[in-house]
Amino acid sequence: MNTSFNLFDFVGGVHPAENKTQSTQSSISSAGIPEKLVLPLTQHIGAQSKPLVNVGDTVLKGQLIAAAQGFISANLHAPTSGKITAIEDRAIAHQSGLSDLCIEITTDKQDKWIEHSGIANYQDIDASQLISLIQEAGVTGMGGAGFPTHVKVSAKPDAIKTLIINAAECEPYITADDMLMQERANDVISGIQILAHILKPESVLIGIEDNKPKAAEALNLALKESPENTLIEVIVIPTKYPSGGEKQLIQILTGKEVPSGGLPSSLGIVCHNLGTAYAINSAITKGEPLISRITTMTGNACAAPQNYEVLIGTPVKHLLEVSNTDIKNTSRLVMGGPMMGFTIDQIETPIIKASNCIIAATKQELPDPAMEQACIRCGMCTEACPAQLLPQQLYWFSKSSNLEQAESHNIADCIECGACSYVCPSNIPLVQYYRFAKGEIKQATADKLKSDRAKVRFETRLARQEREAAEKVAKRQARAEAAAKKQAQKKAAPAQEASDSKAPPAADIELLQKKFDATKAGVTKTKEKLAILLADENADPEKIELLKGALTKAQTKMKDAAKVMAEAKKAEKASAFTSSDKGDPNTPERLKNKLDLAQSRLETANKRLEEAKAENSDKIEAFETAVTKQLERVNDAKLALETAIKTSATNNVPASVDLETLKQKVLAAQTRVDKANERLNMAKEQNLETVGALQTGLDKQTSKLVDAKAALEQASTEEAK
Amino acid sequence: MKLPNISSPHTTRPFSTSNVMLNVLMALIPGIIALTYFFGPGHLIQVLIASTVALASEAAVMKLRKRPILFYLKDYSALLTAILLAISLPPYAPYWVTIIASAFAIIVGKHLYGGLGQNPFNPAMIGFALVLVSFPVPMTTSWSAPAELLPAAFSSGISFSDAMTYIFSSRETIDSITSATPLDAYKHQVALATESEIYQNPLFKGTDHSSFIVLAWEWVSIGFLLGGLYLLWKRIFTWHIPVSLLASLALCSLIFGWDADSFVPTSLHLFAGATMLGAFFIATDPVSASTTPLGKLIYGAGIGTFIYVIRTWGAYPDAVAFAVLLMNFAAPFIDQYTQPRTYGHNKPKRGLAAKK
């Protein structure tokens with residue numbers, strides 16, 4: 001059979017009891033149509049397909065019922081005609097034992113096909129068209145993994161040098177591919193040829209173990225019958241588990257190793273299962289989508305172990321019934337082989353596209369796992385490992401959750417074939433430990449990614465906050481500097497009018513007020529003390545004199561404080577009005593007012609003088625000076641007025657009658673009245689001699705205020721008109 | 001009936017730890033037969049004492065740890081340790097020496113580290129080293145001469161009752177049967193005499209100078225060699241350690257001690273003393289040895305070298321125990337740096353910690 005083909009070998013491997021002869025005694029039978037079919041929407045690697053039907057729809061055999069979502073996904077077709085009775089979560093064939101969305105079809109036993117037709121001469125069809133036909137047919141890997149086939153055959157042109165067909169079927173018990181080759185070799189070869197036509201490799205190798213002589217013979221016969229192919233070779237390899245693993249088969253047939261984490265296509269090699277080739281043939285030449293597969297039903301609890309052609313979605317229960325399996329005697333139900341298969345605990349679990357075997361094992365056949373003993377570090381696992389790992393070390397690391405070391409010892413390269421657990425004398429479930437560790441590593445990687453992103457976000461936020469704070473500080477500094485600059489400028493130009501510069505703020509006036517009140521209080525106190533002393537007959541005359549002196553001092557202080565306060569108030573009030581607001585001070589009106597004011601003052605001064613003369617008080621001189629001053633002012637005012645009238649007559653400056661000015665005048669008058677009132681009140685309290693004068697002053701100011709208000713009202717009514 | 005959910009694989013090879021241990025025990029039989037034939041029933045009695053004490057100690061410890069006693073005794077690991085210890089000890093060592101060695105080996109050498117599979121040192125060698133260092137006189141003066149060389153009173157060999165007396169009660173007349181071992185004798189005489197002179201002593205070639213290599217001991221070594229080859233065939237362990245041990249010992253001897261007039265000759269190194277026992281049964285103890293293939297070669301070579309060094313320049317005539325213990329120290333380190341290349345990788349990842 002192998003003429004001059006150079007075979008390589010892989011390191012390790014084991015030779016478990018084959019147990020294949022039980023199921024090769026009969027030919028493939030049909031499992032029939034069960035009552036209901038349960039079709040999981042994820043029977044393949046990739047995205048879940050989306051149902052296209054609704055509950056209650058009637059479907060035909062081969063009708064598309066779920067569409068692929070994205071490139072790495074697969075279509076799903078109805079395996080027989082019937083009615084959609086449910087689309088819900090059901091138990092699925094998976095190691096996790098979890099459930100997933102499934103479409104349930106209640107069959108009508110009619111088995112009515114949808115319209116379909118195959119292609120007679122696929123050689124005339126373009127490769128890309130063939131690939132899309134394969135995609136439409138929903139063909140996925142039938143070897144066990146279920147990778148969408150159209151993805152695997154979509155290689156770049158000239159990228160694939162070697163096409164390997166995996167007919168090794170190295171696991172014990174499984175004989176599905178064996179029987180398929182024995183009975184339908186022609187279809188298989190046709191499928192392989194279609195693949196070769198699509199991929200155009202330089203060589204096609206069918207790797208088959210030497211425990212299948214009949215199958216190899218059948219293949220060779222079929223090859224002889226189709227002479228147009230010269231590429232396909234049947235290579236018989238020694239029986240060893242796990243030589244059917246993709247990586248191991250590639251190593252056996254080509255001597256090359258698939259790079260860790262990489263794909264065989266990087267070596268120019270692609271590997272397809274025999275059953276997939278058969279399905280491709282059905283899809284292209286017959287137009288039949290993937291709706292059934294060959295599944296081995298075996299195990300000692302099964303009365304008639306053999307291979308069945310099973311509709312996808314057939315519940316295992318149906319298969320058990322058809323094959324006369326004693327479910328009570330079954331201590332373990334395994335889907336797949338004994339080395340890599342997983343247990344099923346619900347017999348309603350459906351057969352999916354990748355289910356190649358069901359083992360209904362009795363207790364003696366697959367006994368309960370023995371108690372795990374201590375690892376004696378014998379190294380038999382290392383000898384058996386086909387991936388050249390150190391299973392013993394991986395065991396220690398997985399057991400202690402030392403994920404770092406496990407990763408560094410290449411736990412990711414473990415293909416979970418189970419050879420190490422098989423040989424372990426201490427019955428340690430090594431593969432279970434590795435699965436646990438792999439899960440933990442995956443979770444830890446995802447967590448780390450999440451935390452790295454969170455860290456980046458946090459740091460960015462921190463930087464932003466710092467930046468904002470820095471900006472605030474900078475702004476504040478800039479403002480402070482500007483303010484300081486302004487202050488400096490002001491200090492450098494002290495000859496500004498009080499109205500232009502900053503007025504003594506209200507706080508200063510308050511302070512002065514406080515001072516004044518304090519002095520007032522002082523005066524009151526001293527007066528009281530004096531009164532007490534005067535009332536007392538035995539008072540010391542010296543003390544009285546002292547107190548009198550203190551009283552005079554206090555009164556002077558009060559007067560000074562009052563003066564300062566008055567000036568401050570005047571300045572503040574003055575600053576409230578800019579010179580522009582006041583308007584032109586040299587208008588005839590204002591000058592007239594000034595004149596009137598000066599004259600009234602003069603009259604007051606004269607009156608006071610006469611009073612002082614009459615009383616013969618010592619203030620006569622002061623009053624005389626006052627009178628002289630007032631006289632001067634009157635004369636000045638008269639002069640100013642005359643000049644103003646002259647200029648206004650020549651300039652024809654219209655007298656401003658605007659409301660603003662009037663308002664200002666009213667305000668000014670009001671303030672004057674207030675001032676006069678204050679002075680009067682103060683004088684009254686102190687019982688000063690100036691009370692009378694001040695009273696007259698106040699009356700005058702009040703009348704002026706009334707006039708001003710009247711003028712304003714008049715002007716506003718005129719404006720309103 | 002509830003179907004179970006169990007992880008794959010669902011089948012295992014019908015070969016358990018107790019199978020491994022029993023195979024090793026069976027492989028020891030030829031050597032033990034040779035020992036008893038040439039040196040009297042001493043070893044058998046020692047085996048009995050050591051086994052009893054070892055099993056009792058293990059049972060006591062398991063009781064303290066609240067484990068099922070019989071389950072742990074049935075893996076025969078304690079029995080194997082005891083028997084290896086017993087045949088390493090001199091056949092007529094006092095009973096208390098054996099008891100102490102055995103108890104120490106099981107309790108301290110094995111269980112204090114966590115039990116089966118956890119001990120970094122070979123338990124039998126730990127026990128042996130303890131008594132060798134603590135009781136040097138009984139350990140060096142309890143070796144009996146081969147049957148051929150015994151005085152007339154023991155013409156039919158040492159009887160069972162005599163052996164019991166020597167071991168358990170009076171040791172007054174033990175000098176009549178004791179002698180130095182060939183390795184010991186050669187080592188001490190080589191400073192003064194030449195090879196041919198030394199070989200005049202019937203200890204080496206027998207009274208009629210008919211032995212190939214060394215009287216009696218050659219058969220013992222061949223017995224153990226056969227046992228070791230049986231275990232290799234059964235794939236209980238791989239060839240790496242025995243081959244590298246013997247090769248390095250031979251090489252050292254040939255390079256440094258090729259002159260038989262100045263050094264112990266290579267043939268004596270290989271066939272006298274505990275070399276074969278050490279190579280196939282002691283150094284290959286999987287728990288304390290290196291696990292990687294390259295590591296095993298280095299480990300074995302290290303032991304061979306140490307055996308030669310201690311024998312030639314050290315104080316002890318037979319150095320297997322110390323050589324093994326010294327390399328036990330190094331085994332984890334050797335493992336770290338001799339990881340094999342994994343499928344799909346270009347280079348092996350060696351050294352500590354995670355390197356992706």
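Naming convention: chains lettered A, B, ... in sequence-line order (proteins, then strands); numbering from 1 in each chain.
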Most heavy-atom pairs under 4.5 angstrom with chain B, which of [options]?
| options | result |
| --- | --- |
| A:Leu430, A:Asp368, A:Leu389, A:Leu390 | A:Leu390 |
| A:Leu366, A:Thr382, A:Asn410, A:Asn427 | A:Asn410 |
| A:Ala17, A:Ser260, A:Gly418, A:Ala370 | A:Ser260 |
| A:Gln346, A:Met371, A:Glu365 | A:Met371 |
| A:Gln388, A:Gln392, A:Gln373 | A:Gln388 |
| A:Ala374, A:Cys424, A:Cys417, A:Pro338 | A:Pro338 |

With a 4.5 angstrom heavy-atom cut-off, which part of [X] approaches chain B: side chain, backbone, both or neither?
| X | result |
| --- | --- |
| A:Leu333 | both |
| A:Gln432 | both |
| A:Pro429 | neither |
| A:Ile344 | backbone |
| A:Pro369 | side chain |
| A:Met340 | backbone |
| A:Cys385 | neither |
| A:Lys247 | both |
| A:Val258 | both |

Any donor and acceptor pair, going by atom type alone, linking the side chain of A:Thr254 with main-chain N or O of A:Lys256 inside 3.5 Å?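 Yes.
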Go through the side-chain N and O atoms of B:Asn328 and B:Tyr299 and say whether any donor and acceptor fall under 3.5 Å apart. yes
I'd like to know whether the aromatic ring centres of [X] and [Y] sit less than 6.0 Å apart in this structure.
| X | Y | answer |
| --- | --- | --- |
| A:Tyr241 | A:His15 | no |
| B:Phe121 | B:Phe329 | yes |
| B:Phe280 | B:Phe224 | no |

At their closest point, which heavy atom of B:Ile303 faces which heavy atom of B:Ala283, and how far apart are they? CD1-CB, 3.7 Å
Do [Y] and [X] meet the salt-bridge criterion of a basic N to acidic O distance under 4.0 Å?
| X | Y | result |
| --- | --- | --- |
| A:Glu383 | B:Arg235 | yes |
| A:Glu416 | A:Arg435 | yes |
| A:Lys442 | A:Asp447 | no |
| B:Arg341 | A:Glu257 | yes |

Separation of B:Met125 CE from B:Ser288 OG (nearest 0.5 Å):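 Atom-to-atom, B:Ser288:OG and B:Met125:CE are 10.0 Å apart.
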Rounded at 0.5 Å granularity, tell me how far CG in B:Asp285 sits from CD1 in A:Ile376. 9.0 Å
Yes or no on salt bridge (charged side-chain N to carboxylate O under 4.0 Å, His left out) for B:Lys110 and B:Glu58, after CA distance, side-chain angles and deciding distance? CA-CA 9 Å; B:Lys110 181 176 160 193; B:Glu58 181 137 300; 2.8 Å; yes
Contacting moiety of [X], where chain A heavy atoms sit under 4.5 Å:
| X | result |
| --- | --- |
| B:Phe237 | neither |
| B:Asp75 | side chain |
| B:Asn346 | neither |

For each of [options], tally heavy-atom pairs with chain A at distances under 4.5 Å, and name the one with the top tally.
| options | value |
| --- | --- |
| B:His345, B:His10, B:Gln118, B:Lys296 | B:His10 |
| B:Ile236, B:Asn5, B:Asn119, B:Thr284 | B:Asn5 |
| B:Val287, B:Thr238, B:Thr292 | B:Val287 |

